[in-house]
2 protein chains.
Amino acid sequence: MAGKVQERQAKLRERLIDAGEAQVIVGGLVSMKARDLAAEAGCSLGAIYNVFDDLAALAMAINARTFARMGKVVAASQMGTAAVDPNERLVLMSNAYLHFAAENANLWRALFDIEMSTDTRVPAWYLDELGRLFSFIAAPLAELFPEKNKTELDLMTRALFSSVHGIVLLGLEKRISAVPIAQVEEMIRQLLFQIGNK
Amino acid sequence: MAGKVQERQAKLRERLIDAGEAQVIVGGLVSMKARDLAAEAGCSLGAIYNVFDDLAALAMAINARTFARMGKVVAASQMGTAAVDPNERLVLMSNAYLHFAAENANLWRALFDIEMSTDTRVPAWYLDELGRLFSFIAAPLAELFPEKNKTELDLMTRALFSSVHGIVLLGLEKRISAVPIAQVEEMIRQLLFQIGNK
DNA sequence: CCTTTTATTGAACCATGTTCAAAAACTAAC
DNA sequence: GTTAGTTTTTGAACATGGTTCAATAAAAGG
């Protein structure tokens, strides 16, 4: 049986991702410790490094899961809304983003905690997922601004995503701003309706 | 001489902040190591802990400097612009913020790297500086929206700051978006002019 | 001077990511 | 089934780095 090792390692990978995810949820990325993971996943300390290059790689595997989950949530917010006002579609999408971030605060933060730790390139799937997110935004925007070309729309899409991201980011930062979720929603709604008002 | 020790410690504090700041500039907050700081500041390892509770406290002292410097830059962008169109004033301010962030990337990032590390409260001066930043934004906004009350303006101010912050944040994240500064400026300009268009 | 108090020091402690020589498990050949 | 070779797994050991604290030095008081 050639695939026996592969399979066992795949199982271990899974268990480590599970354990890591659980830990990130309760204590954030910084609380994810190699020895705890090994204990939780029922493997030796070194075994982690048989299936992941380092803990950053494990963190990225967790991020892949989170990103996929978030993608589904954002996509779901647009299901059957083709006829809905584009502005309102953007609000629905942003609220989906906000609520995902609020309900998965530590996992969501981990998504954007990749850069400073290592100097490896961001993996392709990450940029792909981000691209998918952007395309969700671009669709209603294209309806709102049919006169804009691809480049202009692209810039606008990034600007809008970044803006909503910023509002969610600082809105969830209890330490700094401490705004209730409903107010964050209101900020997003205001921003998006201003944008739509040409 | 009673103040002799105080004075020597104050000098050491200063040297440590200098050394730490220099290190953050070149390698980010994570590259700031206790032993390096001691060597650079010409003191023993333990001496750091005579003048700072821990490295997080030193990081905060560096942040205090950075924040003050940034406050000056933003304030300067508004000097003598009382007669200028409020929209344009917001653009000037945001561009000042953007350029400060771009030219002081690691120091600027350190400003927002306080929360996850420790669970101590954000110091008062930090919230004060942030409040000052907000009030700079609130002034042109109040001109643009004279009908809004204090609460509404406050919400709008936060939303706007967060939006610009988000655009700057992701715009500078070379790893993720890789947008030239001029395009980031363009994003901010578009956003702000949309906001002003009632 | 000697004593007491205060400040400074850096070796040691602890936590934690990562490695790698040795052990274990597995495979193939006979 | 046994041996020899190969692959996988292991966890003790290493490297790094923040923090502490007993020991030392400096300062103050008498």
Side-chain angles (χ1 to χ4, degrees), chain A residues 1-17 19-24 26-63 110 113-120, chain B residues 1-17 19-24 26-63 110 113-120:
Chain A
M1 273 295 130
K4 215 49 177 289
V5 171
Q6 309 271 327
E7 196 191 318
R8 199 167 64 245
Q9 292 199 340
K11 287 261 173 65
L12 177 58
R13 257 185 89 88
E14 205 71 12
R15 288 205 308 279
L16 283 169
I17 298 174
E21 189 179 47
Q23 189 54 48
V24 170
V26 302
L29 205 48
V30 288
S31 80
M32 198 178 77
K33 303 298 159 64
R35 284 161 182 80
D36 296 346
L37 288 170
E40 192 64 37
C43 71
S44 72
L45 183 55
I48 295 170
Y49 298 89
N50 294 335
V51 294
F52 289 108
D53 278 0
D54 50 29
L55 290 194
L58 170 52
M60 263 317 214
I62 296 169
N63 279 345
D113 270 358
I114 27 161
E115 48 291 339
M116 39 276 301
S117 40
T118 61
D119 45 5
T120 49
Chain B
M1 273 295 133
K4 215 48 177 290
V5 171
Q6 310 271 327
E7 196 191 319
R8 200 168 62 245
Q9 292 200 341
K11 287 262 172 63
L12 177 57
R13 256 184 89 89
E14 206 70 14
R15 287 206 309 281
L16 283 170
I17 297 174
E21 189 178 46
Q23 188 53 50
V24 170
V26 301
L29 203 48
V30 288
S31 79
M32 197 178 79
K33 303 296 158 65
R35 284 161 182 82
D36 296 346
L37 288 171
E40 192 63 36
C43 71
S44 72
L45 183 54
I48 296 171
Y49 298 90
N50 293 336
V51 294
F52 289 108
D53 278 359
D54 50 29
L55 290 194
L58 170 51
M60 263 318 218
I62 296 169
N63 280 344
D113 269 359
I114 26 161
E115 49 290 340
M116 42 276 301
S117 39
T118 61
D119 46 5
T120 49

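Scope of the values below: all heavy atoms of this structure, side chains included, with no hydrogens, waters or symmetry mates. Numbered from 1 within each chain, the chains take letters A, B, ... in sequence-line order.
If you take CE of B:M32 and C1' of D:dG18, they are 11 Å apart, rounded to a whole angstrom. Look at CD on A:Q6: it is 15 Å from P on C:dC26, rounded to the nearest Å. Atom C1' of nucleotide C:dT9 and atom CG of B:L37 are separated by 17 Å, given to the nearest angstrom. For the pair A:R13 CZ and D:dT8 P, the computed distance is 16 Å after rounding to whole Å. What separates CG of B:L29 from C1' of D:dG18 is a distance of 14 Å, to the nearest Å. Here the C1' atom of nucleotide D:dG17 and the CG atom of B:L58 are 15 Å apart, to the nearest Å. If you take CD of B:Q23 and P of D:dG17, they are 11 Å apart, rounded to a whole angstrom. For the pair B:K11 NZ and C:dA7 C1', the computed distance is 17 Å after rounding to whole Å.
Here the straight-line distance linking atom CG of A:L58 with atom CG of A:D53 works out to 11.5 Å at 0.5 Å rounding.
Contact between the side-chain N/O atoms of A:R8 and the OP1/OP2 oxygens of D:dT9 is found at a separation under 4.0 Å. Residue A:Q9 places at least one side-chain N or O under 4.0 Å from the OP1 or OP2 atom of D:dT9.
For A:K33, the listed nucleotide lying nearest its side chain is C:dT16; candidates were D:dG11, C:dG10, C:dT16. The side chain of A:A47 lies closest to D:dT10, out of C:dT18, D:dT10, D:dG17. Between D:dG18, C:dT9, D:dT9, one nucleotide has an atom nearer to the side chain of A:N50 than all others, and that is D:dT9. Candidate nucleotides D:dG18, C:dT18, C:dT8 were compared by shortest atom distance to the side chain of A:D54, and C:dT18 ranks first.
In plain terms, the two heavy atoms of A:A110 and A:V24 that are nearest each other are CB-CG1, 4.3 Å.
Side-chain contact between B:L12 and B:N50 is absent, with no heavy-atom pair separated by less than 4.5 Å. Side chains of B:N63 and B:D113 form no contact here, defined as non-hydrogen atoms less than 4.5 Å apart. Side-chain contact between A:Q9 and A:R13 is absent, with no heavy-atom pair separated by less than 4.5 Å.
Nearest-nucleotide assignment on DNA chain D puts the 5′-proximal partner with A:R35, out of A:R35 and B:L45. Checking B:G42 against A:G46, the closest nucleotide of DNA chain C that is more toward the 5' end is the one next to B:G42.
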